[in-house]
Amino acid sequence: MNRTALITGATSGIGKACAEILTKNQFNLIITGRRKNRLDFLLNELEKKHKISVTTLCFDVRDREETERQLSVLKGQTIDVLINNAGLAVGVSSIDQGSYDDWDRMIDTNVKGLLNVSKNIIPLMVNQKMGQIINIGSIAGKEVYPNGNIYCASKHAVDAISQGMRIDLLKHNIRVTNIAPGLVETEFSNVRFYGDQEKADNVYVGLDPLTGKDIAEAIWFCISRPSHVNIADMLILPAAQASATQVIRKN
Ligand code: NDP
Ligand code: 8X3
């Protein structure tokens with residue numbers, strides 16, 4: 001029987017690449033995001049290519065009531081895997097210059113949004129007596145870099161939440177994995193720089209960044225392990241990156 005995964009933030013980047021690799025491996029999917037046209041497009045594309053079913057749920061993970069309402073349609077379904085991927089960085093500012101609005105967007109999406117989704121899915125997994133949760137953290141959850149302050153704080157929170165989930169859900173046979181990527185070229189930097197594509201492109205100039213597919217393949221490795229194996233934590237960097245601040249660029 002096909003297994004089922006729920007992926008948040010599947011409309012681009014890492015989440016979309018996860019949707020592609022999971023359907024290729026015969027998973028049925030529930031994909032979420034705020035951009036309905038992209039969700040619909042992905043549904044058509046994936047269902048055409050593979051003999052699987054895709055459900056789309058369009059909502060903002062920051063909206064707790066709406067998240068609960070949308071996810072309530074899943075009651076009674078088996079959810080084998082939850083990929084908590086939806087997230088973003090907004091701005092690159094020194095702590096004394098940052099805006100409340102940017103801080104709220106990051107904390108409300110990366111931390112509270114992840115919790116809003118998890119709170120609705122974990123009870124299903126507890127009932128099933130099995131499950132796997134993949135939280136997308138970051139190298140920014142392992143290190144802090146200049147002007148990364150609140151984004152780093154939000155990803156350190158994801159790292160801590162992954163550890164807490166692993167401890168508390170042990171008795172329920174729910175495996176928890178924290179994935180911590182370095183530089184991945186997606187829409188991430190475009191969002192971080194408020195749509196300034198030139199600034200976004202500069203982040204990756206002179207180096208080969210990771211792709212969403214690289215991260216999705218690592219996630220697939222975690223998901224495809226036998227049930228007695230849990231990959232607890234994975235830091236994945238481009239070969240040109242040694243730490244959050246150390247990269248080597250070609251001239
Ligand atoms: P993208 O911007 O390409 O994708 C982000 C996804 O998150 C989109 O599908 C977006 O969907 C969704 N999303 C953002 N905000 C919300 C929201 N409020 N409600 C619902 N969905 C939301 O970036 P990435 O693929 O790179 O990012 C995915 C994850 O990976 C993030 O958690 C990010 O922090 C993390 N990460 C990224 C790295 C990188 O270098 N790119 C490195 C390390 C971690 P929509 O806009 O349709 O709502
Ligand atoms: C995204 C990677 O280095 O921009 O989490 O924080 S970084």
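Keep in mind that the numbers below use all heavy atoms, side chains included, and drop hydrogens, waters and symmetry copies. Counting starts at 1 for both ligands and their atoms, following the listed order.
Scanning the protein heavy atoms around atom 40 (O) of ligand 1, the nearest turns out to be V184 N, 2.9 Å. Of the protein's heavy atoms, V61 N, 3.0 Å lies nearest to atom 19 (N) of ligand 1. Protein heavy atom nearest atom 29 (C) of ligand 1, with residue, atom name and distance: N85 O, 3.1 Å. Protein heavy atom nearest atom 3 (O) of ligand 1, with residue, atom name and distance: S12 OG, 2.4 Å. Closest protein heavy atom to atom 12 (C) of ligand 1: G9 CA, 3.5 Å. In terms of protein heavy-atom proximity, atom 18 (N) of ligand 1 is closest to D60 OD1, 2.8 Å. From the protein, the heavy atom lying nearest to atom 26 (O) of ligand 1 is T186 OG1, 2.6 Å. In terms of protein heavy-atom proximity, atom 25 (O) of ligand 1 is nearest to I14 N, 2.8 Å. Nearest protein neighbour of atom 6 (O) of ligand 2, counting heavy atoms only, is Y145 OH, 2.5 Å.
Residue D96 places its CG atom among more than 12 non-hydrogen atoms of other residues, nucleotides or ligands, all under 6.0 Å distant. Around CD1 of I248, the count of heavy atoms belonging to other residues, nucleotides or ligands within 6.0 Å does not exceed 12. Sparse packing is recorded around CG of D208, with 12 or fewer heavy atoms of other residues, nucleotides or ligands lying under 6.0 Å away. By the neighbour-count criterion of 12 heavy atoms within 6.0 Å, atom CZ of R64 is sparsely surrounded, having that number or fewer from other residues, nucleotides or ligands.
Inclusion of Y204 in the set of residues having an N or O under 3.5 Å from an N or O of ligand 1 is not warranted. Distances between N or O atoms of Q241 and those of ligand 2 include no value under 3.5 Å.
For D80 (side chain) and A5 (main-chain N/O), no donor-acceptor pair under 3.5 Å exists by modelled atom type.
When each atom of ligand 2 is checked for a heavy atom of S138 under 4.0 Å away, the hits are 1 (C), 2 (C), 5 (O). Ligand 1 places these atoms under 4.0 Å from at least one heavy atom of I136: 29 (C), 30 (O), 35 (C). Of all the atoms in ligand 1, the ones that sit under 4.0 Å from a non-hydrogen atom of R62 are 18 (N). Atom numbering of ligand 1 starts at 1 in the shown order; those under 4.0 Å from a heavy atom of Y151 are 33 (C), 34 (O), 36 (N), 44 (C). Heavy-atom proximity to R34, at under 4.0 Å, picks out these atoms of ligand 1: 13 (N), 14 (C), 15 (N), 16 (C), 17 (C), 18 (N), 19 (N), 20 (C), 22 (C), 45 (P), 46 (O), 47 (O), 48 (O). Near Y151, with a cut-off below 4.0 Å to any heavy atom, the atoms of ligand 2 are 1 (C), 5 (O), 6 (O). Taking every heavy atom of G13 and a limit of under 4.0 angstrom, the matching atoms of ligand 1 come to 3 (O), 25 (O). Atoms of ligand 2 lying under 4.0 Å from any heavy atom of A140, numbered from 1 in the order shown and given with element: 6 (O). Atoms of ligand 1 found under 4.0 Å from any heavy atom of P181, numbered from 1 in the order shown, are 42 (C), 43 (C), 44 (C).
Put simply, the side chain of T55 does not reach to within 4.5 Å of the side chain of L29, judged on heavy atoms.
Just one of V81, I133, T78 meets the side chain to side chain contact (heavy atoms under 4.5 Å, CB included) condition when paired with M125; it is I133. Screening V203, L210, L237 against L183 for a side chain to side chain contact (heavy atoms under 4.5 Å, CB included) leaves a single residue, V203.
For T8, the heavy-atom gap to ligand 1 stays at 4.0 angstrom or more.
Using a cutoff of 4.0 Å between basic side-chain nitrogens and carboxylate oxygens, R38 and E187 are scored as salt-bridged. Ion pairing between R105 and D101 fails under the 4.0 Å rule for side-chain N and carboxylate O. A salt bridge is defined here as a Lys NZ or Arg NE, NH1 or NH2 lying under 4.0 Å from an Asp or Glu carboxylate O, and E20 with K16 meets this definition. With respect to the salt-bridge test (charged N to carboxylate O, under 4.0 angstrom), the residues K213 and E217 qualify. Between K142 and D233, at least one side-chain N (NZ, or NE/NH1/NH2) sits under 4.0 Å from a carboxylate O, which counts as a salt bridge.
Applying the ring-ring contact (aromatic ring centres under 6.0 Å, His included) test to F59 and every residue at least two apart in sequence or in another chain returns nothing.
Considering only non-hydrogen atoms, atom 7 (O) of ligand 1 lies nearest to A86 out of G137, A19, A86. The residue among G87, G15, A180 with a heavy atom at the shortest distance from atom 5 (C) of ligand 1 is G87. Comparing S138, C18, G182, G113 by heavy-atom distance to atom 42 (C) of ligand 1, the nearest is G182.
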What verdict does the side-chain hydrogen bond (donor to acceptor under 3.5 Å, both in side chains) test give for T67 and N116, after you've listed the backbone C-alpha separation in whole Å, the side-chain angles of each residue and the deciding distance to 0.1 Å? CA-CA 7 Å; T67 301; N116 293 341; 4.9 Å; no

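Under 4.0 angstrom from ligand 1, the non-hydrogen atoms of K155 all belong to its side chain. Counting heavy atoms under 4.0 Å from ligand 1, residue A10 touches it through the backbone alone. Using a 4.0 Å cut-off between heavy atoms, T11 contacts ligand 1 through both its backbone and its side chain. Only the side chain of R192 comes within contact range of ligand 2, with a heavy atom under 4.0 Å; no backbone atom does.
Taking the ring axis of Y194 as reference, the NZ or CZ atom of R192 does not stay both within 45° of it and closer than 6.0 Å to the ring centre.
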